[in-house]
Chemist: 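Input: one structure, supplied below.
This structure is a prediction, so every number in the text was calculated from the model and none was measured.
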Amino acid sequence: MAGERSESVRFVSLIVSVATLGGFLFGFDSGVINGTVDGLQEAFNSSTIGTGFNVASMLLGCAVGAFVAGRLSDVIGRRAVLLIAAALFIISAWGSGVATDATTFVIARVLGGLAVGAASVIAPAYISEVAPAERRGRLSSIQQVMIIVGLTAAFLSNYFLAEFAGGSQVEFWGGYAAWRWMFWAELVPATLFLILLFFIPESPRYLVAKGRDAEAQSVLGKLLGDAVAPTKLDEIKSSLANDHAPSLSDLLATQTGKIRPIVWVGIGLAVFQQFVGINIVFYYGAVLWQAVGFTENDALKINVLSGALSIGAVFFAIALIDKIGRKPLLFSGSLLMAAGLIVMSLAFASGSIVDGELALSDKAGLAALIAANVYVVAFNFSWGPVMWVMLGEMFPNQIRGSGLAVSGFAQWAANFLIIMSFPWLLTNIGLPITYGFYAGAALISALFVAIWVRETAGKELEAMTG
């Protein structure tokens, strides 16, 4: 029995290690663009607006990728969708590097966006469907660690390539500029992801939904042990409708014809994760800190500090998520984020305009810096990892793919809205009110969690109800 359990642990660990490579590529593909902007502008002779569109083009594919992947995973399987995502990562990395005009580049980045959107929802869902209930939260949270590691790897890769070449626009190897090699560096992890996916099984929940019971029982035997597998197989079968395959129509309650409450909860979690403004820190961090008086060098150092704190905070979440549950982490994270954002807003409001730029006193600048890092830590031990964990596990088996499709689309749409609105808000409304809006969203998210979110820690996926 001990030997069988040890074998199951190793098998689950292998699966999680492979699946979370999708999170690494999610982070890498999102971060690699940061070091290539100057090269893109020179290569395509694009305007500032054109360059901005080139940089943001990946987001066009993310929302579509998340929606299509959620539904497609019910048709062809979770692993199959990850295989498609891996292929798209490869095509996007190669195409972005070889592009000779803006149109080709945008197409390649949109394909990368499809892959990022697919990986963002399917990888945590797949992990949830193969992980034991008592360790599901910890294992699913590794996805967030890998996203941050992927971002860091992209930043380091960009730095070293530019350093060795003497600049992102300078020829590096084979007659190609360093910025092209920045994209091609992604080919290594993307190809590894594609190969390793062939060594892990399809989700047993999907196999049961497709009537492939023998295959499902074989996988469950490796995951849980042969003695438990038949019972778990019966539980999964009883959680699925026996009259039709999973479809979008399952999101509607049979009695009322209205969207199920659990779907609204999923959409709420996805939207609030973005409305608290976390990606403003990621995408506009250096710009923000320079806007309040820090030098460019100091601003970049602050970003590095925030990245290190983010990784530490996610490990904190991993240690607690299966012990104290998802709701306490989300609720406390919302309150701490609100506190950090309020302090930042007040610090920015205390500043004065000097030569057209906001200047803070030393005390206000220090307060804003501390508050910003409290905010980053709070997000990364709560809404950062926990939102993805909950989306992967909170929906009943019958509607998991469709629920992920809708929630994933909402998450990326909210991401796009926040990212596109920030420059306008910064110019026309100012930092204090803008950050006040994010603080308000964090406070409302705390109420949302307290009233509508139900705890899922320790529950079997077959016990989830809609």
Side-chain angles (χ1 to χ4, degrees), residues 14-15 17-36 39-40 43 54-70 72-73 76-124 126 143 146-147 149-158 160-161 172-174 176-200 202 408 412:
L14 168 66
I15 291 173
S17 298
V18 175
T20 53
L21 276 175
F24 177 90
L25 288 163
F26 174 172
F28 195 102
D29 207 72
S30 300
V32 70
I33 196 72
N34 285 274
T36 66
L40 292 173
N54 291 340
V55 171
S57 57
M58 184 187 76
L59 292 174
L60 296 174
C62 289
V64 175
F67 182 82
V68 172
L72 193 61
S73 70
I76 65 173
R78 285 31 165 174
R79 190 187 70 156
V81 170
L82 290 176
L83 281 165
I84 293 173
L88 288 174
F89 276 124
I90 292 171
I91 295 169
S92 175
W94 178 253
S96 299
V98 301
T100 56
D101 59 80
T103 301
T104 304
F105 179 81
V106 167
I107 292 172
R109 291 300 289 163
V110 169
L111 291 176
L114 293 172
V116 168
S120 71
V121 296
I122 300 302
Y126 175 75
Q143 169 85 349
M146 292 298 284
I147 292 172
V149 171
L151 281 167
T152 305
F155 294 153
L156 289 173
S157 174
N158 288 353
F160 284 118
L161 285 167
F172 173 60
W173 190 30
Y176 296 103
W179 71 265
R180 296 185 184 275
W181 284 100
M182 291 176 184
F183 289 111
W184 291 337
E186 189 180 348
L187 288 169
V188 176
T191 302
L192 180 65
F193 184 42
L194 179 66
I195 293 171
L196 291 178
L197 281 169
F198 286 100
F199 294 91
I200 62 175
E202 183 52 82
W412 284 105

Chemist: Considering non-hydrogen atoms only, spot the tightest contact between W412 and A66 and give its length.
Modeler: CD1-CB, 3.8 Å
Chemist: Can you tell me how far apart CG (L114) and CZ (R109) are? Round to the nearest 0.5 Å.
Modeler: 11.5 Å
Chemist: Are the side chain of S92 and the backbone of F89 linked by a donor-acceptor contact shorter than 3.5 Å?
Modeler: no
Chemist: Would you give the length of the straight line joining atom CD1 of I84 to atom CG of L72, rounded to the nearest 0.5 angstrom?
Modeler: 5.0 Å
Chemist: Applying side-chain contact (heavy atoms from CB on, under 4.5 Å) to V18 and L82, what does each step give before you reach the verdict?
Modeler: CA-CA 10 Å; V18 175; L82 290 176; over 6 Å; no
Chemist: Once side chain to side chain donor-acceptor pair (under 3.5 Å) is applied, do any residues pair with S17, and if so which ones, sequence neighbours excluded?
Modeler: none
Chemist: Please give me the minimum heavy-atom distance between M182 and F28, naming the atom from each residue.
Modeler: O-CE2, 4.2 Å
Chemist: In Å and rounded to the nearest 0.5 Å, what is the SG to CG distance from C62 to D29?
Modeler: 8.0 Å
Chemist: Could you tell me which non-hydrogen atom of Y126 sits nearest to which non-hydrogen atom of R78, and how far apart they are?
Modeler: CD1-CB, 3.7 Å
Chemist: Please tell me if the side chains of R79 and I122 come closer than 4.5 Å, counting only heavy atoms from C-beta onward.
Modeler: no
Chemist: Under the side chain to side chain contact (heavy atoms under 4.5 Å, CB included) test against L197, which residue among L21, L83, L192 passes?
Modeler: L83
Chemist: What closest approach, in Å, do M146 and T20 show between heavy atoms, and which atom pair accounts for it?
Modeler: CB-O, 3.5 Å
Chemist: For F199 and I195, what are the C-alpha separation, side-chain angles and deciding distance, and is it a side-chain contact (heavy atoms from CB on, under 4.5 Å)?
Modeler: CA-CA 8 Å; F199 294 91; I195 293 171; 4.1 Å; yes
Chemist: Do F193 and I90 have side chains that approach each other closer than 4.5 Å (heavy atoms only, starting at C-beta)?
Modeler: no
Chemist: From L25 CG over to I147 CD1, what is the distance, rounded to the nearest 0.5 angstrom?
Modeler: 11.0 Å
Chemist: Taking all atoms of both residues into account, what is the closest heavy-atom pair of G22 and A119, and its distance?
Modeler: O-CB, 3.7 Å
Chemist: What closest approach, in Å, do W94 and W184 show between heavy atoms, and which atom pair accounts for it?
Modeler: O-NE1, 3.3 Å
